[in-house]
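Working notes, beginning with the structure itself.
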Amino acid sequence: MPELPEVEVVRLGLEPVVTGAVVRAVEVLDERSLRRHEGSSEQFAGLLEGARLEAPRRRGKFLWVPIEGRDEALVGHLGMSGQLLFREPGAAAPRHLRVRLTLEGPNGRYDVVFVDQRVFGSLAVDVLRPAPDAPDDPAERVPGQVVHIARDPLDARFDDEAFVAALRRRRSPVKAALLDQSLVSGIGNIYADEALWRARVHFARQADGLSARTVRGLLGHVRDVFAQALVEGGTSFDAQYVNVNGQAGYFAHSLNAYGREGQPCPRCGTPLRRVPFANRSSHFCPRCQRLR
DNA sequence: CAAGCCTCCTGCTTGC
DNA sequence: TGCAAGCAGGAGGCTT
């Protein structure tokens with residue numbers, strides 16, 4: 001389940017190879033993967049063919065590649081199961097292949113393919129617009145579909161105190177606030193549970209009942225778990241998440257709470273619990289993380 | 001306007 | 001053995 005660390009691993013993998021490359025061919029095998037593209041698949045292909053790509057960028061779980069000399073970018077979201085993979089041209093199509101881009105760089109031609117089992121991910125060509133908090137900086141522009149997404153905690157311009165204040169105004173469980181991408185981006189179900197476990201905060205505690213100190217600590221734990229996961233190549237549970245070369249990450253071995261229902265809490269030994277929350281699951285230690 | 005629920009989607013696992 | 005229900009969840013649209 002790609003969250004910020006997994007998307008960043010993909011961005012890092014694309015960067016040296018995609019930057020400066022020219023799109024030579026576009027093949028859309030499943031139109032559903034263009035759900036977030038406003039035009040037809042033919043128009044999508046037409047916008048990309050001949051385009052020279054700049055260095056890939058990321059905000060939260062959104063990834064985009066600006067097109068040189070134009071106010072547009074190729075935007076990608078991996079959803080639940082999306083993958084961007086390098087392939088040799090002419091290689092056999094992998095299962096669930098949705099879109100194929102043939103690029104030409106200094107070292108010849110290669111394919112970047114978008115593979116997505118559950119089709120929650122998407123590719124699109126979108127117009128770059130000013131970021132709401134940096135309207136005069138062209139380098140800070142983001143695709144239209146990303147304008148409402150908050151900066152992520154690894155963004156140098158992320159405003160810690162504004163985040164702490166905004167979260168403490170929420171009348172909802174703290175985990176719902178962490179998952180709200182318009183408040184802070186990049187956090188999904190896995191890293192929300194991990195950061196809450198590290199901070200010893202119960203997922204259902206009301207956000208407006210937390211002290212500023214607790215929220216600052218929680219933010220620090222989000223950053224810590226992101227940084228560690230990034231070093232370990234991300235979290236690969238099943239075959240759903242891999243880097244651009246098809247390799248899994250190792251962070252699943254370092255998870256303390258997520259997916260560990262019934263196993264002892266690494267801190268106190270109490271069996272971890274899993275309970276339904278907002279159409280998904282929350283994993284927590286009933287001793288370390290109490291409601292009150 | 002904010003909060004919470006529903007839907008999109010496929011494949012694997014579980015239960016009868 | 002077979003079939004259906006359950007489960008996984010990011011994000012946006014909808015309702016309250």
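Reckoned from all heavy atoms, side chains included, excluding hydrogens, waters and symmetry mates. Naming: A, B, ... by sequence-line order, numbering from 1 per chain.
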> Hey, does the side chain of E6(A) reach the backbone of E3(A) with a donor-acceptor pair shorter than 3.5 angstrom?
Replying inline: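 It does hold such a pair.
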
>> Using a strict heavy-atom distance below 4.0 Å, which residues from residues 275-284 of chain A are in contact with DNA chain B?
In response: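 Residues of residues 275-284 of chain A that come under 4.0 Å of DNA chain B are, in numerical order, N279(A).
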
>> Below 4.0 angstrom, which residues in residues 172-185 of chain A have at least one non-hydrogen atom near DNA chain B?
In response: S172(A), P173(A)

For [N], does OP1 or OP2 lie under 4.0 Å from any side-chain N or O of [X]?
X: H77(A); N: dA11(C); answer: yes
X: R274(A); N: dA8(C); answer: yes
X: R169(A); N: dA2(B); answer: no
X: R32(A); N: dT10(B); answer: yes

Answer with yes or no whether the side chains of [Y] and [X] bring together a donor and an acceptor at under 3.5 Å.
X: S185(A); Y: K61(A); value: no
X: S172(A); Y: Q206(A); value: no
X: E232(A); Y: H253(A); value: no

> Is F120(A) stacked on the base of dA11(C), with ring centres under 5.5 Å apart and planes under 30° apart?
Replying inline: no

>> Any strand counts, and the cut-off is 3.5 Å on both contacts for Watson-Crick or G-U wobble. Which nucleotide pairs with dC14(C)?
In response: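 Base-paired to dG4(B).
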
Please report, rounded to the nearest Å, how far the [atom2] atom of [N] is from the [atom1] atom of [X].
X: L63(A); N: dG10(C); atom1: CG; atom2: C1'; value: 15 Å
X: H96(A); N: dG11(B); atom1: NE2; atom2: C1'; value: 7 Å
X: N189(A); N: dC7(C); atom1: CG; atom2: P; value: 14 Å
X: I190(A); N: dG10(C); atom1: CD1; atom2: P; value: 8 Å

> Does I149(A) or Q117(A) map to a spot on DNA chain C nearer the 5' end, using the closest nucleotide for each?
Replying inline: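 Result: Q117(A).
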
> Side chain of R95(A): nearest nucleotide among dG12(C), dG10(C), dG11(B)?
Replying inline: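 Nearest to the side chain of R95(A) among the choices is dG11(B).
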
